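Contents: one structure, followed by commentary.
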Amino acid sequence: MATGAAEPTGSEPEARTAAGVLRGRVEQGVAVFRGIPFAEPPVDALRFAAPQPVRGWDGVRPAVSYGPPPPQAGHFGMAALSPDAAETDWLTVNVWTPAPDPGAGLPVMVWIPGGAYVIGMGSLPEYDGARLARDGGVVVVTLNYRVGIEGFTWIEGAPANRGLLDQVAALEWVRDSIRAFGGDPDRVTVFGQSAGAGSVAALLAMPRAAGLFRRAIAQSVVGTFFSPELAADIATAFAAELGLRPTVADLSAVDPNRLCAAGDAVAAKSASFAERWGQAAHRSILVSPVVDGDVLPRTPWQAVADGAARDVDVLVGHTRHEQRLLTALDGLLGQVTQEQADSALKLFAPGPDGSRRYRAAYPAAGPDELYELVHSDWLFRMPSLHLATAQLTGGGHAHVYELTWPAPGMGGILGACHGLDVPLVFGNLSSGQPAMLIGESPSAAAEELSASMRAAWTSFAAHGDPGWPAYDAGQRLTRFFDTPSTVTAYPEEAARLLWEHHTFAALPLLGG
């Protein structure tokens, strides 16, 4: 439990938690505490284990530097940030607070980073919480959790979904300690984007997470969840890359960075496994939460529709052109052939006649647009919308949004693409990789839209009301974030109807 506050000394505020006293610093008008351990390092005897409670310390612990990230895959240069063997405190949180006083009782927003479940860390500059905390009057927490093989791969002798268990442990730390930083443990909102939003969806379904948060914001929910059979087969391929078996006994002595490299190597040739791994192989998505029947008993859509989150306020949405950035990264923007579009429709459109129905719904769409639509819908847009409708079915409330403002950066070719919401929500329009989407000099329109999104997110965290009506099956009212923003019926009606009866089940092992 949080035990109160120590007296701040000038620009060095202190917070007294059950584990010990922490000393942070004041930056941009808020108190910041970085690199706070919430669990023991998951190395040596704890490698691939569920997170264990952190041991306390004597004296005052400096909390001015980020902890090392968990081992990272090679995407976007993140592997270079992986820790060396001496840096084992992978599981840490960072806190920004405008009022480090146990009596402040501020809403708390806990950010779960995304990154396809293979990269991600709370220390990235785009996740700096100072502006969100200062302007919104909230306590912002960012966290690290195990990603990739360390966090999610099915390993014999280890619990499934270790990365999700890390997130639960971080939320338990928030419950027990956030009061010392001015936060109200009864007003906690989890929020995340992409794999972070998929994690939020999973937390809504997890019995272990029940009661740890009151509200949830899911930005571009990733729809991929694995069956145990698929997860085990992928794990076998990862281990085989090293001449090993996917067991704790075989893998626990492997250097974490070498394990990441093995995962990257299999992902690079994932198309060769398509007959067994299906859609996951075609998208090179080889790491996802596993519907294991224990840590994650059911998919989020099943669990939420059955009422698992009826007492949690939910805000969920997506961008209009989710896939466009990913297509650009693949070097296919404006280059998609008819054959590639046909293949994408065959693989990802719902139902046996999904290809025909997509073409009928979008008769003027060429190969590029059809390719973008079906990928956007399968991976992000429809999983997000279905989470909202599942929440209604389960007796809860949900608010829905769509970001339609086109990104002006990089020549304006990416539209309202995946990841554009991150700099806008945090207000970090000129720092971190996603700031490239905003452009070199943020416009007045970007600042205005960012202020609008930050106000909606913090209002929702404080009161459960982001500023527009809840979604329902009749009007389907949705907030369009643009300049200007509006509220109208959910705009992607053609896609909604195409996917209306689809079930986002755990992806199976196909055999072959």
Side-chain angles (χ1 to χ4, degrees), residues 39-52 70-75 78-79 82-85 88 90-91 115-120 145-166 195 202 224-297 506-512:
E40 283 296 291
V43 298
D44 300 329
L46 297 181
R47 184 92 179 269
F48 306 120
Q52 299 299 306
Q72 303 282 303
H75 306 297
M78 293 300 176
S82 288
D84 61 33
T88 60
W90 304 344
L91 303 182
Y117 302 109
V118 295
I119 60 173
Y145 60 96
R146 283 171 285 181
V147 293
I149 296 174
E150 299 284 342
F152 290 94
T153 292
W154 187 272
I155 297 175
E156 184 180 333
N161 299 306
R162 298 170 297 280
L164 296 178
L165 293 174
D166 292 346
T224 54
F225 286 75
F226 288 173
S227 67
E229 296 78 15
L230 175 62
D233 207 63
I234 294 173
T236 298
F238 287 155
E241 194 71 20
L242 300 169
L244 301 172
R245 298 169 303 149
T247 66
V248 169
D250 272 24
L251 298 181
S252 60
V254 177
D255 179 86
N257 295 323
R258 187 168 171 238
L259 208 54
C260 287
D264 289 346
V266 176
K269 57 185 178 184
S270 64
S272 65
F273 295 93
E275 289 188 4
R276 297 181 63 80
W277 302 345
Q279 293 169 322
H282 286 287
R283 285 300 303 250
S284 295
I285 299 172
L286 305 187
V287 175
S288 284
V290 182
V291 183
D292 67 310
D294 177 23
V295 175
L296 186 59
L507 297 179
L509 178 67
L510 302 180

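Treat the numbers as computed from the prediction; the structure is a model and nothing was measured. We're numbering straight along the sequence, starting at 1.
To the nearest 0.5 Å, the span separating CG on Asn161 from OH on Tyr117 amounts to 9.5 Å. Leu509 CG to Asp233 CG: the interatomic distance, rounded to the nearest 0.5 Å, is 4.5 Å. Atom CG in Leu251 sits 7.5 Å away from atom CG in Leu242 (nearest 0.5 Å). With rounding to the nearest 0.5 Å, the separation of SG in Cys260 from CG in Asp255 is 9.0 Å. A distance of 13.0 Å separates CZ of Phe226 from CH2 of Trp154, quoted to the nearest 0.5 Å. In this structure, OH on Tyr145 lies 14.0 Å from CD on Glu150, to the nearest 0.5 angstrom.
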Could you please spell out the steps behind the side chain to side chain contact (heavy atoms under 4.5 Å, CB included) verdict for Phe238 and Val287? CA-CA 11 Å; Phe238 287 155; Val287 175; 4.3 Å; yes

Ser288 and Phe225: CA distance, side-chain angles, deciding distance, side chain to side chain contact (heavy atoms under 4.5 Å, CB included) verdict: CA-CA 6 Å; Ser288 284; Phe225 286 75; 5.7 Å; no

Take Leu165 and Val295 through the test side chain to side chain contact (heavy atoms under 4.5 Å, CB included) and record every step on the way to the result. CA-CA 8 Å; Leu165 293 174; Val295 175; 3.9 Å; yes

Set out, in order, the CA-CA distance, both residues' side-chain angles and the distance that settles side chain to side chain contact (heavy atoms under 4.5 Å, CB included) for Leu230 and Trp277, then state yes or no. CA-CA 7 Å; Leu230 175 62; Trp277 302 345; 3.6 Å; yes

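Residue Glu156 qualifies as open at atom CD: its count of foreign heavy atoms under 6.0 Å is 12 or below.
Between Glu241 and Lys269 there is a salt bridge, with a side-chain nitrogen of the basic residue lying less than 4.0 Å from a carboxylate oxygen of the acidic one.
Side-chain atoms of Asp250 come within 3.5 Å of backbone atoms of Arg245 as a donor-acceptor pair (strictly under, hydrogens ignored). Panel note: side chain Gln72, backbone Pro70; a donor-acceptor pair is recorded below 3.5 Å. Between the side chain of Arg146 and the backbone N or O of Gly163 there is no donor-acceptor pair closer than 3.5 Å. The main-chain N or O of Pro41 is never found under 3.5 Å from a side-chain atom of Thr88 such that the two would form a donor-acceptor pair. Side chain of Thr236 to backbone of Ala232: a donor-acceptor contact under 3.5 angstrom is found.
In this structure, Ser227 and Pro508 approach most closely via the heavy-atom pair OG-CA, 3.6 Å. Closest approach of Ala274 and Leu510 over heavy atoms only: O-CD1, 4.2 Å. Between Pro246 and Ala235, the closest heavy-atom pair is CB-O, 3.7 Å. Across all non-hydrogen atoms, the minimal contact from Arg162 to Phe48 is CD-O, 3.1 Å. The minimum heavy-atom distance between Pro71 and Pro256, with the atom names listed, is CG-CB, 3.5 Å. Between Ser284 and Ala267, the shortest heavy-atom contact is OG-O, 3.6 Å.
Here the options are Val118, Ile234, Leu259, Leu286, the test is side chain to side chain contact (heavy atoms under 4.5 Å, CB included), and the partner is Ile149; only Leu259 passes.
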